[in-house]
Colleague: 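Just dropping this structure here.
Values in this document were obtained by computation on a predicted structure and should not be read as measured data. In what follows, every heavy atom counts, from backbone to side chain, and hydrogens, waters and symmetry copies are set aside.
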Amino acid sequence: MFNPSVRLLAEADGVRRTRESLSFMDPERGNVSVDVAEIYDAPAQVTRGTWHLSADSEPDFVVAPLEIRSIFPQELPLLVSLGGLRLVERFGDWSCRPFAVDTPLQLCICESA
């Protein structure tokens, strides 16, 4: 799951912005940019937004709503425990980099409690 970025949550004001980190190369369309317009509902810990995928020759070829529930690092062990699991290890990305405040993911290895 994502490691919530407090900076990005604070910027979630409904304004459409390009997310360079989400852009990618598509073999058929070429460079695809991803713009996101979102707001953050702090009491629900939910980000609600619209994602726009665009290529040079095809602006907004995908426009999709997305809701993401933020699970903060201090919550995760409790949720895992309530689910009958034990957190064995937590990594910060798919390369198994140690989990830290600035890593993009909370990749968890769990076992039955």
Colleague: Under a 4.0 Å threshold between the charged nitrogen and the carboxylate oxygen, would E38 count as salt-bridged to R19?
Modeller: yes
Colleague: So, do Q106 and P4 sit near enough that their side-chain heavy atoms are less than 4.5 Å apart?
Modeller: yes
Colleague: Do W51 and V34 touch side chain to side chain, with heavy atoms closer than 4.5 Å?
Modeller: yes
Colleague: Can I get a per-line list of side-chain donor-acceptor pairs under 3.5 Å for residues 21-32, giving both atom names and the distance, sequence neighbours left out?
Modeller:
from : atom 1 : to  : atom 2 : distance (Å)
D26  : OD1    : E28 : N      : 2.8
D26  : OD1    : R29 : N      : 2.8
R29  : NE     : E58 : OE1    : 2.8

Colleague: Give me the atom names and distance for the closest heavy-atom approach of V46 to Y40.
Modeller: O-CD1, 3.6 Å
Colleague: Do the side chains of L79 and I71 get nearer than 4.5 Å, heavy atoms only?
Modeller: yes
Colleague: Does any part of the side chain of R90, heavy atoms only, come nearer than 4.5 Å to the side chain of P73, both counted from C-beta?
Modeller: yes
Colleague: Looking only at non-hydrogen atoms, find the nearest pair between E11 and R17 and report the distance.
Modeller: O-NH1, 3.0 Å
Colleague: Which pairs of donor and acceptor atoms, one on a side chain in residues 94-105, lie under 3.5 Å apart (sequence neighbours left out)?
Modeller:
from : atom 1 : to   : atom 2 : distance (Å)
T103 : OG1    : A100 : N      : 3.2
T103 : OG1    : A100 : O      : 2.9

Colleague: Can R69 and D41 be counted as an ion pair, charged N to O under 4.0 angstrom?
Modeller: no
Colleague: Within a radius of less than 6.0 Å around CZ of F2, do more than 12 heavy atoms belonging to other residues, nucleotides or ligands occur?
Modeller: no
Colleague: What pair of heavy atoms forms the shortest contact from L76 to C108, and how long is it?
Modeller: CD2-SG, 3.2 Å
